[in-house]
Number of protein chains: 2
Amino acid sequence: MRILLVGSGGVGDAVARIAVERDFFELLVVADYDEARAKATVEAATARRPGEGRLVAAQVDASSAEAVEALVREHGATHVLNAVDPRFVMPIFRGAFAAGADYLDMAMSLSQRHPEQPYAETGVKLGDEQFALAQEWEAAGRLALVGIGVEPGLSDVFARYASDHLFSEIDELGTRDGANLAVHDEHGNEVFAPSFSIWTTIEECLNPPVVWEKDRGWFTTPAFSEPEVFEFPEGIGPVECVNVEHEEVLLMPRWLDAKRVTFKYGLGDEFIGVLKTLNTLGLDRTEKVRVGGVEVSPRDVVAACLPDPATIGPRMTGKTCAGLWVTGTGKDGQPRGTYLYHVADNEQTMRDYGAQCVVWQTAVNPVVALELLATGAWSGSGVLAPEAFDAVPFLDLLKAPKPEGYGSPWGMEDRPAAVATGD
Amino acid sequence: MRILLVGSGGVGDAVARIAVERDFFELLVVADYDEARAKATVEAATARRPGEGRLVAAQVDASSAEAVEALVREHGATHVLNAVDPRFVMPIFRGAFAAGADYLDMAMSLSQRHPEQPYAETGVKLGDEQFALAQEWEAAGRLALVGIGVEPGLSDVFARYASDHLFSEIDELGTRDGANLAVHDEHGNEVFAPSFSIWTTIEECLNPPVVWEKDRGWFTTPAFSEPEVFEFPEGIGPVECVNVEHEEVLLMPRWLDAKRVTFKYGLGDEFIGVLKTLNTLGLDRTEKVRVGGVEVSPRDVVAACLPDPATIGPRMTGKTCAGLWVTGTGKDGQPRGTYLYHVADNEQTMRDYGAQCVVWQTAVNPVVALELLATGAWSGSGVLAPEAFDAVPFLDLLKAPKPEGYGSPWGMEDRPAAVATGD
């Protein structure tokens, strides 16, 4: 397997640091718009393994399908892993296809809201542009494995696992994400520093959240709808979660049977307030505005004013939890409520990988998936989501201790009381 | 009198529209960085009076004292009225002095916070840079009349009036500003659109508020301190007000005797939340940040994303109230609490002047002051605030019906109950 990794920001850098410990690939090209950043990633990852020589750096313009295609051909890449902003999904997706490579991403092509009823009906949905090309991928016998980060990604693997092994009937597949992370400045004061790309966070949180129901299909709601307090494991505790537009809701119903599919994110009051204010002031906009003699995108200015999420790991404490809350009827015919989850502790990911926990947790999953594709444990063609593959080999490889596996356990917690009270 | 007006934004434009109705001057040069904007102001103001020919437009760089000086000399201006951001106070102040003209402004030179104790002690105070040059102005027999907008300005005139005519002893001179303004979009939905320069609003609201006490002098507090609900007249009603850094607190104690001097602004919860968020995200900063290939000041980006306050008048409804709450002992030896105030109704200022009420209310006061200086009713030399002049001719001229006066009544309301309970 010869991999072209596009993007060496927080997630791409962690992908390289994780992958370098594994033997399943022969080449990993780390490409970034900023070649110096790609080189830094190659250097840091290579230094983690004595004798390592499989990583090389390259420059790429991810907005150009032609540039991606040329780079795939230059290095004979068999797989392209997209680790940049979802703005660049389509050129990378098309560039990989044009060059004859398989493709993986961790976020899908962007949505466009419904022109008249944005908070009730879907317009162009997340991933629609990619699924529109599914037949071409299938006809070419080639695989696009979409949404294989942590959320979407591991959450979708959990959904397949619950569907195959835990439930006979599913009422709700509800992804629930929460954390107790805090970032401090050099004086020890807590500061506002989102742990993930603010560009993407604004995009997913301010877009109308999408929900799926079996008798209704996909529909949207106002932003931050249906708040619920969800209890997260391993000491994180209760966090208020709200509906957010996310790929799981678009992916799970295509492969799995459930009455309702939701995604709720534990944003917390402060962060919701910040996002609402950015929206009120028009600072979430991506169209450029004229400021003095120059033109800039307000959302890019917001990003430029905040600390780079890739750099905050050393000043961050706490844990982040990604997981799936499933309710319905168990294999035994009894009501069942189970939370399948994966927790990443920043202290541990910083110590073991020099990567902050949110980007590390996103990055580990596509590496596991690449290994399953390399060994043939997973195979397929078309535009497929994680739900389309057997969950067991993925969950086993993720959990198995090193050096056989990735040594990153996931957990499962039955909550009968929550089912009884309807959560 | 030959006037050079620097700045034809919202306030400058309204100054020209108000002044053109009066006969006290022979020339009004309207200068702006954007000469087209100055020309538009001259055209609109001139059209208000048949046969009018006293207004001319010019281009000026307000950041250059030399450019201001040259323009004063070119037109033989006797008075310079500064109507731009307080960032440009010092170059205009120096340019006017160098050219031998008198000077008026509506906001003073900016403060710099105390390096170690910003929320307890003052650093460089508002106006300090101007007062540092007071002797030179006095020695030259020339007048800088500073802070002669509505707040500071009319509020300071009220303070002098209360001191001379209403109170034998003053406990507090408390400027209180509140409004019930709302701005709607073309669909009738209320939108976020500050009615005054957001640059200045961020500056005054996020700087540590300054308070003066007789036995303590000037000191600062954390932002948004000492919230109190103040009842505003003429149907505006109760508005929560908080301490804000403002010139009155620096001016009143220099000329008047009081135990305490404060300024509280009725920002409202939503606006306070917006300002706190801008601060949290670093978007209030004026130092440039690098965004892609360009450099911009985040605060300028915020301003560029919001509607221009000069343009929102037609979509705005409501009234704004500027006033001074005075407590102490009346001339009769009894406890007294009196609110002296001036209300501007947007509907009326739009109809009569095509100017929204907040900028109109700011603009009318320097025109009244210029007329008093032209007639000799006010005179003086040095760096003087409105408190240094007899309040009566100002208040009479403002209130007198047109064409003798400006037809803009102010009011006075005794509130004995509020004094009794300490309000």
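Per chain, numbering begins at 1; letters A, B, ... match sequence-line order. Computed from heavy atoms alone, side chains included, the values below leave out hydrogens, waters and symmetry copies. As the structure is a computational prediction, the values presented were derived from the model and not from experiment.
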More than 12 heavy atoms from other groups under 6.0 Å of CD on B/Glu295
yes
What part of A/Val301 lies closer than 4.5 angstrom to a heavy atom of chain B: side chain, backbone, both or neither?
both
Quick check on B/Val302 against chain A: is it the side chain, the backbone, both or neither that has a heavy atom closer than 4.5 Å?
both
Can you confirm whether B/Glu226 is buried at CD, in the sense that more than 12 heavy atoms of other residues, nucleotides or ligands lie under 6.0 Å from that atom?
yes
If you count every heavy atom of other residues, nucleotides or ligands that lies below 6.0 Å from A/Glu43 atom CD, does the total exceed 12?
no
Taking every heavy-atom pair that is under 4.5 Å apart, which of A/Ala304, A/Ser297, A/Cys305 has the most such pairs with chain B?
A/Cys305
Positions in residues 267-291 of chain B that reach chain A, provided some heavy atom is under 4.5 Å away:
B/Glu270, B/Val274, B/Thr277, B/Leu278, B/Thr280, B/Leu281, B/Gly282, B/Leu283, B/Arg285, B/Val289, B/Arg290, B/Val291
Can you tell me if CZ on A/Phe219 sees more than 12 non-hydrogen neighbours from other groups inside 6.0 Å?
yes
